[in-house]
Protein chains: 2
Amino acid sequence: MADPVPAPDELDLGLLLFIPYRAMENRVFAALAQAGFDDFSPAQARVLQRIGPDGTRLTELAESAQVTKQTASHLVDQLERTGYVRRTPDPTDARARLVRIAERGAAAQPVAAAVVAEVEAEWRAHLGERRWGQLRAALAELREITDPYR
Amino acid sequence: MADPVPAPDELDLGLLLFIPYRAMENRVFAALAQAGFDDFSPAQARVLQRIGPDGTRLTELAESAQVTKQTASHLVDQLERTGYVRRTPDPTDARARLVRIAERGAAAQPVAAAVVAEVEAEWRAHLGERRWGQLRAALAELREITDPYR
DNA sequence: GACGATGGTCAGCAGATCGAACTAATCTCG
DNA sequence: CGAGATTAGTTCGATCTGCTGACCATCGTC
């Protein structure tokens, strides 16, 4: 979303951010599919990605992925059916349930991590060490004022 | 998509890009809604945003928005029904039709542009002139190897 | 002028996402 | 303690997104 009439060589920052994001997503997705993890959707992956090592509550997942609880619940349903995650009771709150990575999910993680590392290495090589560092630093700083979750 | 178990303070670049992108999108979307342009969806906006000043072919829109021609066609249908765009024949090719911004679309543009400028100004202030310039430069450079379209 | 390539549409389906309404457990405070 | 407000999560129903496949018209080329 952004300026509908961008100057030709001066795209607004929204698009500028979106383009590489999309590229990363596509790469990871393709690699996972090739490794046999082809039974989940991008939307499911966006949820999966946000599950912490000790499990994460559904509401938290929903917030951090910026979707409604209903949507998150639905996506977790599917991920559960295909064996990527498991719902376990939250010992500290009987209303809540922790979504945890299950076997299949754990198997997919290293594959995803490897591709991310690979793509980052490519980008780093293209930008050069200095620009790469600047990019990471600027984005981290930007996150302080744009991350609604945490 | 990315590393499902990111180190706490070292998010992978995919997410790092996504967070501010999403923030920008939300801001622009909210401002447009408040200005009375609340009858279109994010997906429609992503197409709308890519229409050039002299009109753009459907196929081009589809490529640049990374959706199929059918999806783009459908979104343009809706945008046409609500008065944001118009389909006109392409004088250079009788098969093709140019999608052009219509009255309502033209009215929305300045609003969108203003918010983008506003958000960019905020970010710029937060980052400082130098980091801001570095961010733009790095993203533009990254685009060279991540933009599948052009 | 026939044939493959290109621009676009139509039809139909799976998935994503939302709002509303609801249940169950927890918290707050008089 | 117990009533009411809050929070976690689910179910239902509707809409929107986006895909595949099939198809038509035009263009460009040999």
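Only this structure's heavy atoms are used, side chains among them; waters, hydrogens and symmetry mates stay out. Please read these numbers as outputs of a predicted model, since none were measured by experiment. Residue numbering restarts at 1 for every chain, and letters A, B, ... go by the order of the sequence lines.
Using a 4.5 Å cut-off between side-chain heavy atoms of Ile, Leu, Val, Met, Phe, Trp and Tyr, with links allowed through other members, B:Val47 and B:Leu32 fall into the same hydrophobic cluster. Tracing side-chain contacts under 4.5 Å through hydrophobic residues (I, L, V, M, F, W, Y), one never reaches A:Leu61 starting from A:Val67; they form parts of separate clusters.
Separating the CD atom of A:Glu60 from the C1' atom of D:dG9 is a distance of 14 Å, rounded to the nearest angstrom. Note: CD (A:Gln66) to P (C:dT17) measures 12 Å, nearest angstrom. Counting to the nearest Å, the P atom of D:dT7 and the CG atom of A:Asp90 are 16 Å from each other. Rounded to a whole Å, the CG atom of B:Asp38 is 16 Å from the C1' atom of D:dC16.
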Check: Between A:Ile101 and A:Leu48, does a side-chain contact (heavy atoms from CB on, under 4.5 Å) hold up when you go through it step by step?
Finding: CA-CA 8 Å; A:Ile101 301 287; A:Leu48 193 56; 3.9 Å; yes
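Partners of B:Arg131 according to the side-chain hydrogen bond (donor to acceptor under 3.5 Å, both in side chains) rule, which considers only residues two or more places apart in sequence or in another chain, are A:Glu141. Listed by chain and residue number, B:Phe37 satisfy the side chain to side chain contact (heavy atoms under 4.5 Å, CB included) test with B:Ala107 (two or more places apart in sequence, or in another chain). Residues forming a side-chain hydrogen bond (donor to acceptor under 3.5 Å, both in side chains) with A:Gln34 (at least two apart in sequence, or on another chain): none. For B:Arg95, the side chain to side chain contact (heavy atoms under 4.5 Å, CB included) partners are B:Asp93, not counting sequence neighbours. Every side-chain hydrogen bond (donor to acceptor under 3.5 Å, both in side chains) that B:Thr68 has, sequence neighbours left out, goes to B:Thr71. Listed by chain and residue number, A:Glu103 satisfy the side-chain hydrogen bond (donor to acceptor under 3.5 Å, both in side chains) test with A:Arg86 (two or more places apart in sequence, or in another chain).
Ring orientation note: the planes of A:Phe40 and A:Tyr84 are nearly perpendicular, at an angle over 60° on the 30°/60° scale.
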Listing, residues 72-81 of chain B side-chain donor-acceptor contacts under 3.5 Å, not counting sequence neighbours, or none:
from: B:Asp77; atom 1: OD1; to: B:Arg87; atom 2: NH2; distance (Å): 2.2
from: B:Glu80; atom 1: OE1; to: B:Arg87; atom 2: NE; distance (Å): 3.1
from: B:Glu80; atom 1: OE2; to: B:Arg87; atom 2: N; distance (Å): 3.2

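The rotation axes computed at either terminus of the helix from C:dG1-D:dC30 to C:dG30-D:dC1 lie 30° apart, taking five pairs at each end and rounding to 10 degrees.
DNA chain C is contacted by B:Ser73, B:Arg87 of residues 71-89 of chain B, taking any non-hydrogen atom closer than 4.0 Å.
Applying the ring-ring contact (aromatic ring centres under 6.0 Å, His included) rule to pairs touching residues 92-121 of chain B yields nothing, sequence neighbours excluded.
Side-chain contact between B:Arg50 and B:Glu60 is absent, with no heavy-atom pair separated by less than 4.5 Å.
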What does the list of N/O pairs under 3.5 Å between the protein and nucleotides 1-7 of chain C look like, with a distance for each?
from: C:dT6; atom 1: O2; to: B:Arg95; atom 2: NH1; distance (Å): 2.6

Taking only N/O atoms, report every protein-nucleotides 19-23 of chain C pair under 3.5 Å with atom names and distance.
from: C:dG19; atom 1: N7; to: A:Gln70; atom 2: NE2; distance (Å): 2.7
from: C:dA20; atom 1: N6; to: A:Gln70; atom 2: NE2; distance (Å): 2.9

